[in-house]
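Presented below is the structure to which this report refers.
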Number of protein chains: 2
Amino acid sequence: MPKARSGSTLSDVAREAKVSVSTASRALNGLAEKYRISSSTAQLVRDKAEKLGFRPSQVARSLRLKRTGLLGIVVPDLSNPFFSSIAQSVTVSAESDGFSAILADSGGSVEKEQKLIEQLTARSVEALVVCPVGLKFAHLESTREQGTPLVLVDRCKDKSSMVQVTSDHTTGTQQAMQLLIGNGHRKIGVLQGIAGTLPSDQRLLGVKEALAKVGVNLDPALVEGNQFTYESGYQSARNLLMNHPEITAFFAMSTPNAFGAYQAAMELGRRVPEDLSLVCFDDVKFANFMQVPLATVAQDVPELGRLAASLVAEQIRSGKAPVQKMHKVPVTLLTRASVGKVSPS
Amino acid sequence: MPKARSGSTLSDVAREAKVSVSTASRALNGLAEKYRISSSTAQLVRDKAEKLGFRPSQVARSLRLKRTGLLGIVVPDLSNPFFSSIAQSVTVSAESDGFSAILADSGGSVEKEQKLIEQLTARSVEALVVCPVGLKFAHLESTREQGTPLVLVDRCKDKSSMVQVTSDHTTGTQQAMQLLIGNGHRKIGVLQGIAGTLPSDQRLLGVKEALAKVGVNLDPALVEGNQFTYESGYQSARNLLMNHPEITAFFAMSTPNAFGAYQAAMELGRRVPEDLSLVCFDDVKFANFMQVPLATVAQDVPELGRLAASLVAEQIRSGKAPVQKMHKVPVTLLTRASVGKVSPS
DNA sequence: CTGAAAGCGCTAACAA
DNA sequence: TTGTTAGCGCTTTCAG
C-alpha cells in the first residue's frame with residue numbers, strides 16, 4: 001500500500017484514476033449526478049483521492065472562486081476576558097457558517113488597528129468584525145466603503161451608517177443607578193472608562209438621566225477616571241473618597257474599575273456595603289468571587305459576538321448591509337451584596 | 001484624481017505604468033536594484049500602484065510562493081483566561097514575525113480538535129500551535145509527521161517526540177506543598193483537574209514527592225475531582241470535608257477549583273485561613289480578589305505562548321524541529337493570606 | 001534594463 | 001458522460 005503523500009494534488013488523483021481533472025473535481029465536489037458521471041468512476045475517483053490523502057488546496061480554490069471563507073476579527077486586548085469572550089463566540093459562530101477566523105490584537109492602538117485591518121483585507125478576508133479602539137473610525141468607514149462587510153462591536157460610533165452591535169449601556173446604567181437611588185444614595189461617585197468612547201459616554205448619560213429623575217444634577221466633580229482598568233478605578237476612587245468623603249456609593253464602569261475601588265475603599269477604612277455601596281457595569285464573570293459579591297449590570301457578551309457574526313454572514317450572503325444599523329443587546333441587573341441602604345449620617 | 005479602485009491588480013498597475021507585469025512586480029518588491037531597473041520607471045510604478053490603491057493579493061502570492069504566512073492556533077476554550085492569554089501571546093508574537101493567526105476553539109472535544117486541525121492544514125497554515133484537549137494525541141502526531149510544524153502547549157504528552165511547552169508543574173506544586181507543610185499541615189486534600197492529562201498528573205506527582213520528603217504517604221482517599229472547573233472543586237471539596245474533617249488544607253489544581261473549595265468551606269463553616277488553608281495552581285489573574293487573597297503557584301502564561309510561537313517560527317525558518325523537545329517554563333509561588341499555620345487540634 | 005511566458009492548484013465554460 | 005482549455009493574480013526563470 002503506497003504511502004499517502006501529504007502534497008497530492010487534484011491532477012495526481014485524476015491521473016491515478018485515469019480521468020481528467022475536471023471529472024475528478026466534479027466527482028469530489030458532489031457534482032457527480034449533476035454532470036451524470038457514472039457512479040463507478042465517481043467512486044473510483046473518491047477511492048484514489050482517499051488513497052493519496054488528497055486535500056484540496058484552499059489557497060488555489062480561493063484564488064479561483066474569489067472566496068476565502070476567511071473572517072477577520074480585531075480586538076484591543078485578547079487577554080481581557082470581555083474581548084476574548086467576544087472572539088470566542090464570533091469564532092465559533094463563524095465556524096458553524098463554514099468560515100475560519102483570523103484573529104488580531106490591536107493592543108489598544110489605532111495605528112496598529114489600521115495596519116491590521118489592511119493586512120487582513122490583503123488576505124482577502126470576506127468580512128471583518130472589529131472591536132475598535134474607539135477613538136477614530138475613518139479607516140473603518142473607508143474599508144467598509146471599499147466593499148468589505150464590517151461590523152463594529154462594543155465601541156461604536158454614534159451616528160454612523162456602519163453596522164454596529166453593542167450593549168444597551170444607557171438602560172443598564174439606569175437600572176444600576178435606580179438600585180443605588182432606591183437605597184437612598186444621592187452622592188454617587190462615577191468611575192469612568194475611556195471618555196469619548198460610546199460605552200463610557202452612554203453609561204455616563206445613563207447616570208445623568210437616572211439622577212435627573214429624582215431631581216439631582218450630576219456633579220462633574222464626582223466623575224473621575226479615564227481607563228477601564230484596575231489602576232484607573234483605584235486611583236479615581238481614592239481621590240474621590242479623599243476629596244469627597246460624603247460619597248456613599250460608586251458606579252464603576254468596569255469590573256476592574258470596581259476591583260480598584262474596592263481596594264481603595266479598604267485602604268481608607270470604608271467597608272462595603274456598610275459604609276460604601278458599589279455597582280459596576282460588568283465585563284467579566286468573576287465579580288461573584290469578590291470579598292463581597294459585586295452588584296453588576298451583566299452584559300450578554302456571547303450574544304454580542306454571535307450577533308456580529310450572524311450580521312457579517314448575512315452581509316456576505318446577500319451582498320448588502322442590513323437595514324438596521326445599530327443593534328443594542330439587552331443587559332441584566334444582578335443585585336448582589338455590595339449594595340446597601342445609605343447609612344444614617 | 002481618479003478614484004482608487006479596491007480591486008486593482010498587478011497588471012492594472014503595469015498597464016497604467018506602461019511596463020510589463022514582471023517589471024511592475026520587481027519594482028514593487030524592492031528588487032529594482034537587483035534587476036537594475038531605472039529608478040525613474042521604478043518610481044513610476046510605485047506611483048501608479050499608490051494611485052490605484054494596489055494591494056497585492058496574498059492569496060495569489062501564497063499559491064505561487066507556497067507560503068501563506070498563516071499560523072493555526074487551537075485551544076479548548078477561548079473564554080478561559082488561561083487559553084485566551086496564550087492565544088494572545090501567540091498571536092502577537094506571530095504578528096511580529098510576519099504571520100497571521102487563524103484561531104480555532106475545540107470546545108474541549110477531541111473530535112472537533114481533529115476536524116479543526118484538518119481544516120487548518122487544508123488552508124495551508126505553515127505551522128500549528130495546539131493546546132490539546134489532552135487525552136488523545138494520534139492525530140497530532142500524524143499531522144506533524146505529514147510535515148506541518150506543530151507545537152503543543154500546556155497539555156503535553158509525556159514521552160513523545162513532539163515539541164512541547166508547559167509549566168514546571170511538579171516543581172511548582174512542590175513549592176506550594178512545602179508552604180503548607182512548613183505551616184504544619186499534613187492532612188492535605190487534593191482537588192484534581194482532569195486526571196490523565198499531564199498538568200494534572202505532574203501536579204499530583206509533585207504532591208506525592210513533597211509529602212514523601214517529610215515521610216508522609218499521600219492518602220488516595222484525599223484526592224478528588226476530575227475537572228479544572230468550579231463545580232468540580234466545589235463538589236470534591238465538599239465531599240472531602242464531610243468525609244475527612246481532619247483535613248487542614250487543600251491543594252487545588254486550578255483557580256476555579258479553589259473558588260469552588262472556598263465556597264464549600266464557607267458553607268460548612270470552615271474559615272480560610274483559620275480553619276482551612278488553601279493554595280492553588282493558578283491559571284487566571286483574579287486570585288488576588290478573592291475574599292481572602294489566594295496563595296498561588298503562578299504560571300507565566302504569556303511566556304508559554306511566546307515560546308511556542310518562537311519555536312514554530314524557528315521550525316518554519318529552519319525546516320526542522322528543534323533539538324530540545326520538552327520545554328518547561330518556570331513558575332512562581334505567591335504566598336498570600338489563604339495559608340495559615342495549622343490550628344492546634 | 002525589460003518583457004514573454006510558464007505555472008502554482010483549482011473550477012467552470014465550452015466542446016464533444 | 002467526459003475532456004480541453006482558459007484563467008484567477010502573482011513570481012520567476014529564461015530570453016533578449
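In what follows, chains are A, B, ... by sequence order, proteins preceding strands, each numbered from 1. Only heavy atoms go into these numbers, but all of them, side chains included; no hydrogens, no water, no symmetry mates. Because the structure is predicted, anything quoted here is derived from the model rather than measured.
Residue contacts for Val19(A): at a heavy-atom cut-off of 4.0 Å it reaches the sugar-phosphate backbone alone, with no base atom in range. As judged by a 4.0 angstrom heavy-atom cut-off over every strand, Leu63(A) is placed among the base-contacting residues. In this structure, Thr41(A) reaches the sugar-phosphate backbone alone: every heavy-atom distance under 4.0 Å involves primed, P, OP1 or OP2 atoms, never a base. Counting any heavy atom pair closer than 4.0 Å across all strands shown, Ser22(A) reaches a base atom. Within 4.0 Å (heavy atoms only), Leu10(B) reaches at least one base atom of the nucleic acid.
Taking both residues in full, the closest heavy atoms of Thr166(A) and Leu304(A) are given as C-CD2, 3.7 Å, listed atom of the first, atom of the second, then distance.
Rounding to whole angstrom units, CZ of residue Arg15(B) and C1' of dG9(D) are separated by 13 Å. With rounding to whole Å, Lys18(A) atom NZ is found 16 Å from dG3(D) atom C1'. If you take CG of Asp12(A) and P of dG9(C), they are 8 Å apart, rounded to a whole angstrom. If you measure from atom CD of Gln58(B) to atom C1' of dC8(D), you get 15 Å, rounded to the nearest angstrom. In this structure, CG of Leu28(B) is placed 14 Å from P of dT12(D), rounded to the nearest angstrom. Atom CG of Leu31(A) is separated from atom P of dA12(C) by 8 Å (rounded to the nearest Å). For the pair Ile37(A) CD1 and dT11(C) C1', the interatomic distance rounds to 13 Å; values are reported in whole Å. We find that NZ of Lys34(A) is positioned 13 Å from P of dT11(C), with the value rounded to whole Å.
Using a 4.0 Å cut-off, no side-chain N or O of Ser57(B) falls inside it from OP1 or OP2 of dC10(D). Note on Ser38(B): every side-chain N or O is 4.0 Å or more away from OP1 and OP2 of dC1(C). One finds a side-chain N or O of Lys66(A) lying less than 4.0 angstrom from the OP1 or OP2 phosphate oxygen of dG9(D). Taking 4.0 angstrom as the limit, Ser11(B) places none of its side-chain polar atoms (N or O) nearer than this to OP1 or OP2 of dC10(D). Regarding contacts with the backbone of dC1(C), a side-chain N or O of Arg36(B) is found under 4.0 angstrom from either OP1 or OP2. For the pair Thr23(B) and dT2(C), the criterion of a side-chain N or O lying under 4.0 Å from OP1 or OP2 is not met.
The base of dT12(D) lies outside donor-acceptor range of the side chain of Arg61(B), with no N or O pair under 3.5 Å.
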Checklist entry - side chain to side chain donor-acceptor pair (under 3.5 Å) between Thr121(B) and Arg55(A): does it pass, once the steps are laid out? => result CA-CA 9 Å; Thr121(B) 54; Arg55(A) 295 276 174 272; 5.7 Å; no
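Here the nucleotide nearest the side chain of Tyr35(A), chosen from dC10(D), dT2(D), dT11(C), is dT2(D). If you check dC10(C), dG9(D), dT11(C) against the side chain of Ala60(A), the one that comes closest is dC10(C). Considering only the side chain of Arg26(B), dA4(C) comes nearest among dT5(D), dC10(D), dA4(C). Considering only side-chain atoms of Ser20(B), the nucleotide from dG9(C), dC10(D), dA4(C) that sits closest is dA4(C).
For Glu113(A) (side chain) and Pro76(A) (main-chain N/O), no donor-acceptor pair under 3.5 Å exists by modelled atom type. A donor-acceptor pair is defined here as one N or O able to donate and one able to accept, closer than 3.5 Å; no such pair exists between the side chain of Arg26(A) and the backbone of Lys34(A).
A donor-acceptor pair shorter than 3.5 Å cannot be found between the side chains of Ser62(A) and Arg123(B).
Counting heavy atoms of neighbouring residues, nucleotides and ligands inside a 6.0 Å radius, atom NZ of Lys325(B) exceeds 12 of them.
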